[in-house]
Amino acid sequence: MTQYLLSVYQPDGPVPAPEILEGIVEDIDALNQELKAAGAWVFAGGLHPPETATVLRPKGGEVLRSDGPFAEAPEHLGGFTIIEAPDLDAALDWGRKLAAATTLPIEVRPFQ
């Protein structure tokens, strides 16, 4: 089985209202339970907002540090799920379910 990274991209801006977010959280929890029951779940987590990031960049034999996200963009990596799947098609099926649960774009990428 190959491990896949399912990256959740969310738009910059305020968090959805509690009444909207509550349903999304319930859908994500249900999907995580389904992944676990199928033996596909490895790890998942949400991330703090991009302004909490610190970027370390090698330059001229040193490693420079800067605050904030790596790149300015209208959306950012908000969380991820790592799964095990027999092939890309199976991973894409899980990615579709995660997109439906989160209502956000999902990037599916295999680990090397």
Side-chain angles (χ1 to χ4, degrees):
M1 292 255 250
T2 300
Q3 289 186 339
Y4 291 85
L5 173 66
L6 308 181
S7 301
V8 179
Y9 288 94
Q10 64 187 70
D12 288 339
V15 175
E19 60 272 9
I20 295 172
L21 196 56
E22 184 178 315
I24 292 170
V25 169
E26 288 174 4
D27 290 345
I28 292 169
D29 287 344
L31 178 57
N32 284 339
Q33 292 306 315
E34 184 181 351
L35 282 161
K36 289 175 183 178
W41 192 85
V42 176
F43 181 80
L47 300 172
H48 286 284
E51 60 268 12
T52 65
T54 303
V55 178
L56 303 172
R57 185 183 314 268
K59 185 171 183 178
E62 295 184 57
V63 177
L64 306 178
R65 173 187 165 163
S66 61
D67 293 332
F70 174 73
E72 295 294 324
E75 59 186 21
H76 60 274
L77 180 63
F80 61 90
T81 299
I82 299 171
I83 63 166
E84 288 189 348
D87 54 36
L88 179 59
D89 288 336
L92 291 173
D93 286 341
W94 287 116
R96 282 184 196 90
K97 290 180 180 187
L98 186 57
T102 62
T103 72
L104 297 170
I106 304 299
E107 178 184 295
V108 177
R109 190 184 299 188
F111 281 92
Q112 292 185 350

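Start at 1 with the first residue, then count along the sequence. Reckoned from all heavy atoms, side chains included, excluding hydrogens, waters and symmetry mates.
Taken from CH2 in Trp41 to CD in Glu34, the straight-line distance is 14.5 Å, to the nearest 0.5 Å. Note that CG of Asp67 is 11.0 Å distant from CD of Glu51, once rounded to the nearest 0.5 Å. For the atom pair CD1 (Ile24) and CD (Glu19), the distance works out to 11.0 Å, reported to the nearest 0.5 Å. Atom CG of residue Leu47 and atom CD of residue Gln10 lie 8.5 Å apart, to the nearest 0.5 angstrom.
Listed here is the closest heavy atom pair of Thr2 and Pro110: CG2-CB, 4.2 Å. Between Ala91 and Leu6, the shortest heavy-atom contact is O-CD2, 4.2 Å. Nearest heavy atom pair, residue Ala44 against residue Asn32, reads CB-OD1, 4.5 Å. Summarising the geometry of Glu75 relative to Pro105, their closest heavy-atom pair is OE1-CG, 4.4 Å, with the distance given to 0.1 Å. Nearest approach of Leu21 to Pro16, heavy atoms of both residues: CB-O, 4.1 Å.
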- Between Tyr9 and His76, is a side-chain contact (heavy atoms from CB on, under 4.5 Å) present by the stated rule, with each step listed? CA-CA 5 Å; Tyr9 288 94; His76 60 274; over 6 Å; no
- Task: Give the C-alpha distance, both sets of side-chain angles, the deciding distance and a yes or no for side-chain contact (heavy atoms from CB on, under 4.5 Å) between Leu92 and Tyr4.
- Result: CA-CA 9 Å; Leu92 291 173; Tyr4 291 85; over 6 Å; no
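Considering only heavy atoms from C-beta on, Asp12 comes within 4.5 Å of Pro50 through its side chain.
Note on Leu5: it clusters hydrophobically with Phe43, by side-chain heavy-atom contacts below 4.5 Å among ILVMFWY residues.
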Show every donor-acceptor pair shorter than 3.5 Å between a side-chain atom in residues 77-86 and any protein atom, with sequence neighbours excluded, or say none if there are none.
unit_1 : atom_1 : unit_2 : atom_2 : d
Glu84  : OE2    : Gln3   : NE2    : 3.3

Report all side-chain donor-acceptor pairs from residues 53-64 shorter than 3.5 Å, counting only partners two or more places apart or in another chain.
none

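Screening Asp27, Leu35, Ile28 for a side-chain contact (heavy atoms from CB on, under 4.5 Å) involving Leu31 leaves a single residue, Leu35.
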